[in-house]
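Below, each value reflects all heavy atoms present in this structure, side chains not excepted, and no hydrogens, waters or symmetry copies. In the text below, chain A, chain B and the rest are named by the order of the sequence lines, each starting its count at 1.
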There are 2 protein chains.
Amino acid sequence: MGPPRDLRLIAKRLLSFTRLVQGVNVSAVTDPLVWEHVQPAAARRLLTGAIDAFAERGYQATTTRDIAARAGMSPAALYVHYPSKERLLFEISLYGHNAALEVLRSAASPDRETPSERLRSLVAAFTAWHARHHTIARVVQYELAALSPEHLAEVATIRRAISSQIEQVLADGVADGSFTVTDLPGTTLAVLSMSIDVARWYTPHRGDPEALGALYADLAHRMVQA
Amino acid sequence: MGPPRDLRLIAKRLLSFTRLVQGVNVSAVTDPLVWEHVQPAAARRLLTGAIDAFAERGYQATTTRDIAARAGMSPAALYVHYPSKERLLFEISLYGHNAALEVLRSAASPDRETPSERLRSLVAAFTAWHARHHTIARVVQYELAALSPEHLAEVATIRRAISSQIEQVLADGVADGSFTVTDLPGTTLAVLSMSIDVARWYTPHRGDPEALGALYADLAHRMVQA
DNA sequence: GTCTATATTTCGATAGAC
DNA sequence: GTCTATCGAAATATAGAC
């Protein structure tokens, strides 16, 4: 046990995840989220069990025993696959942030030509993602404080890229006159807030994620329309 | 210590809080939040220390030793004033929810005659409250899962009253034709989400709470304007 | 890779002196 | 009402057999 073995394990998982994101099968990463790139199956059961537990009770209230039990194994077996509880959180947070960013990048594809079309597409996709994947979205949005400083810095980079997607389309709309925005950073935050907060309150009985995305796309558009 | 003594203590605090809310000095309860009604001073130091700790690290990550240290006393002294860590959270959550509701009720006063004026006033006040009091707002919005079922039920009642304030003004605007809203519950949630999410990201360097409130009032109004 | 068993630490809460 | 001292439970993580 020790860093060398752990690092090989993590690197392998990140590599296969990167391959998945970069072209081979983007939709599998984005919607619905699948975890086939996490190998072996026991590591995947631990990861998905941890997502459910962290989303339900929070990171600090979740015990490694609880996670192991959800994966159908003893508490000790967890440490064969992950060196610590925090590392499990980091991998979940990293995957989740990358998936959310990828959803936005797909939604902002250049075939949507006007800022209005792009904004509606971005907000619809981002909102629907937070609803459909509200368990991992809860971990992504509300468990940042439990990450180590180094791991937090890594996901913060992805978070800035996510904000930029919204800020850029708003700036484009202001530039071509289709949007009226008095406070660009403030409005960016407000648009992001609407979607992010979905992770806090959404449950499946609240309705279809796509319908919610369509509603929020409309509301966001009205917020900035010239 | 057993129930009888504890109940007397809590009842006394709630009573003086109620007096404060119901007329004598509403502004002191709402903005800024003061805690003079929590007596003795040691209980108040514990309460404000707990607010800071819960907001910074979360309820589960906060130890009773940490709270006691912030109040300048030994771990054991906490239990003279509060029977458990959860009870401390409950009192904070209850006070915070009541303060937020009171802010909304003041903002919706009948001298604001049109639904547009009332909506702007409500959103401005609710948003500014979440910014100015972002520490207690974080506890109010993100630590509900740590409450006992009975205590959660009690604050849930206040939360419904908060939602109703927004939903009612939107319904009024639809009725008199000044608003166009296709999905009333969905739009209510979206408006609430913008303000609530402020508690997640706000820090004082992000600007003046009142300015943020004014911006959000405008954005919310544009969301529903006919 | 999984198990049983356990080391070690830290937690919420209590006992009892003053 | 505050302290020192501590209990008992539960936490993360490890040791070593299989």
Asker: Who passes salt bridge (Lys or Arg N to Asp or Glu O under 4.0 Å) against A/R200, sequence neighbours left out?
Answerer: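 Here the qualifying residues are A/D197.
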Asker: Pairs counted only when both distances fall under 3.5 Å, Watson-Crick or G-U: show me the 5' to 3' dot-bracket for DNA chain C, [ ] for pseudoknotted crossings and | for other-strand partners.
Answerer: ||||||||||||||||||
Asker: Mind listing the side-chain donor-acceptor pairs of residues 49-58 of chain A below 3.5 Å, one per line with the distance, residues two or more places apart or on another chain?
Answerer:
from  : atom 1 : to    : atom 2 : distance (Å)
A/E56 : OE1    : A/R70 : NH2    : 3.3

Asker: Kindly write out the residues that satisfy side chain to side chain contact (heavy atoms under 4.5 Å, CB included) with B/A161, not counting sequence neighbours, or none if the list is empty.
Answerer: B/L101, B/R105
Asker: Walk along nucleotides 8-13 of chain C from 5' to 3' and tag each nucleotide B, S or - by protein heavy-atom contact under 4.0 Å, base first, then sugar-phosphate.
Answerer: ---SBB
Asker: Please name all residues satisfying ring-ring contact (aromatic ring centres under 6.0 Å, His included) with B/H97, sequence neighbours left out, ordered by chain then number.
Answerer: none
Asker: Check whether any side-chain heavy atom of A/Q165 lies under 4.5 Å from a side-chain heavy atom of A/F126, and answer yes or no.
Answerer: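 In short, these two side chains do not touch, never coming nearer than 4.5 Å.
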Asker: Give every donor-acceptor pair under 3.5 Å between a side-chain atom in residues 202-209 of chain A and any protein atom, sequence neighbours left out.
Answerer:
from   : atom 1 : to     : atom 2 : distance (Å)
A/Y202 : OH     : A/G207 : O      : 2.5
A/T203 : OG1    : A/H205 : ND1    : 2.9
A/D208 : OD2    : A/A211 : N      : 3.2

Asker: Could you tell me the separation between the CZ atom of B/R44 and the C1' atom of D/dG1, rounded to a whole number of Å?
Answerer: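 Going from B/R44 (CZ) to D/dG1 (C1'), I get 16 Å.
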Asker: What residues, two or more places apart in sequence or in another chain, satisfy side chain to side chain contact (heavy atoms under 4.5 Å, CB included) together with A/A71?
Answerer: A/R45, A/L46, A/M73
Asker: Not counting sequence neighbours, which residues clear salt bridge (Lys or Arg N to Asp or Glu O under 4.0 Å) with A/R118? List them please.
Answerer: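 With neighbours one apart ignored, the set is A/D172.
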Asker: D/dA10 C1' sits how many Å from A/I67 CD1, rounded?
Answerer: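 That distance rounds to 15 Å.
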Asker: Atom CG of A/L46 to atom P of C/dG1: distance rounded to whole Å?
Answerer: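 Taking CG of A/L46 and P of C/dG1, I get 12 Å after rounding.
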